[in-house]
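For reference, the structure discussed in these notes is given below.
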Amino acid sequence: MFHSICKTLLHSRNCYIVTAYHNPSMVVPLILRYFSSDADNPHSFTLSYLTKTCGLSPKSALSASKIVQFESSEQPDSVLSCFQKFGFSKIQISEMIRKFPKVLCCYPEKTISPKLEFFLSRGASTPELVKMFTSNPWILSRSLENQLIRTYNILIGLFQSEDKAIEVFKRNPRVRCNSPEALIPNINTLRENGVPESNILWLFRKHWLCIEAIPIKFQKIVEEVKEMGFSPLKLQFVEAIMILTVVSKSKRDGKVEVYKRWGWSDKDVTNAFKKYPRCMAYSEDNIRATMDFYVNKMGLESSVIMNSPVLLGLSLKKRLIPRGAVIQFLSSKGLVKSDSSITTLFMCPEMRFLEKYVNCHEEAPHLITLYNILVYCRALFGCSLKKRII
């Protein structure tokens, strides 16, 4: 225990080991200094810097201070200055630090600038660069030579295009492929099965990690998708591959049971999956709530959703509940029929819905008020209002 404490104490807050670790006579004074200073005001300078200079909230600063500590502003100041030079705002820098506090320990000239300059030199604009790193500051922990450049070069070989290679990074920058060469067998499998390059690129953009799957496992999933009847030429083919790769069989089985409670058979679930693979991506609670809305609140047959599973992808709080209230009002006045055709009211774009089903009626002012109130309340309070509203 004593040895462990000594090792902890003898790591300075500037990320280097104090040489006194090899001098036992220095241990006791250091222990006394550690407990006396930190007991009074732990990480006081770090906390002050994170809140006042970096703009973190007290809670985020406390969390970050458990990961990084420093006794002077020299190192973190150089990091902030580097990002500002590349066009990052204070708010964006604060967001990066909140997500990845260790960025403050990076050396700008060795770790940060080369990566930013690499992406700029490959066609990324400054706004794209800022967005990429603000959303995913963990890229800075990747090796430029061994990971980022190697992966980029392999993508150029795969797509025969620098624009498409940089597009992958821009769309899905959290690349963490330690061995980019592992991508090649899975890309070849997709090509051998006739998947268009545009759909392969879509898969890269949406879910990079599924193409990092073990080649044997990936090949089995591709075969399973083919046996279900998916056409390799259609986007649903790679969508199905993505879902089967990232959603475990046990979770898929649980979702199948939820659908069965609404009268679906195994075949019905498979057919719905073929039409809209993402129906297996939603949580069991989400599926239950959405089916309950359509069947119990709107009076639709379960088979309507089974035949048009894309309805499961509509936001319950942002679209379904506000529109549902308007549709119920119109139905009560005999202005729309309460049958399966009302699903088109949920599917149509916002402006068309307002134009065709709200603004054209005498009750338009009332309907607009009702609709706007529900949209506002749902955004403000979330799904907890569901039972009160409908």
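Both backbone and side-chain heavy atoms feed into the values below; hydrogens, waters and symmetry mates do not.
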Taking [X] for the side chain and [Y] for the main chain, is one N or O donor matched with an acceptor at less than 3.5 Å?
X	Y	answer
T134	K131	no
S283	N286	yes
S65	L62	yes

Using a strict threshold of under 4.0 Å (side-chain N to carboxylate O), is an ion pair present between [Y] and [X]?
X	Y	result
R261	E257	no
D292	R288	no
E145	R150	no

Taking all non-hydrogen atoms of both residues, which atom of M291 and which atom of L312 are closest, and how far apart?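 Between these two residues, the closest heavy atoms are SD-CD2, 3.9 Å.
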I243 to A281 - nearest heavy-atom pair and separation: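 That would be CD1-CB, 3.7 Å.
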Please say which of K255, K249, K251 ends up in a side chain to side chain donor-acceptor pair (under 3.5 Å) with D253.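 So, applying the side chain to side chain donor-acceptor pair (under 3.5 Å) to D253 and each of K255, K249, K251, only K249 qualifies.
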Check: [X]/[Y] side-chain N/O donor and acceptor closer than 3.5 Å:
X	Y	result
S63	S60	no
Q92	S89	yes
D77	Y49	yes
T189	E192	no
D268	S265	yes

For R191, check salt bridge (Lys or Arg N to Asp or Glu O under 4.0 Å) against everything at least two apart and list the hits. E197
Mind checking whether W264 and Y259 have parallel, tilted or perpendicular rings, split at 30° and 60°?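 Ring orientation, 0 to 90° scale: parallel.
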On the ring face of F353, is R323 found with NZ or CZ under 6.0 Å from the centre and within 45° of the axis?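 Here R323 passes the 6.0 Å and 45° test against F353.
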Are there more than 12 heavy atoms of other residues, nucleotides or ligands under 6.0 Å from atom [atom1] of [X]?
X	atom1	answer
L120	CG	yes
K275	NZ	yes
E301	CD	no
E284	CD	yes

Given the side-chain rings of F133 and F83, with only the six-membered ring counted for Trp, is the space between their centroids under 6.0 Å?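 No, the ring centres sit 6.0 Å or more apart.
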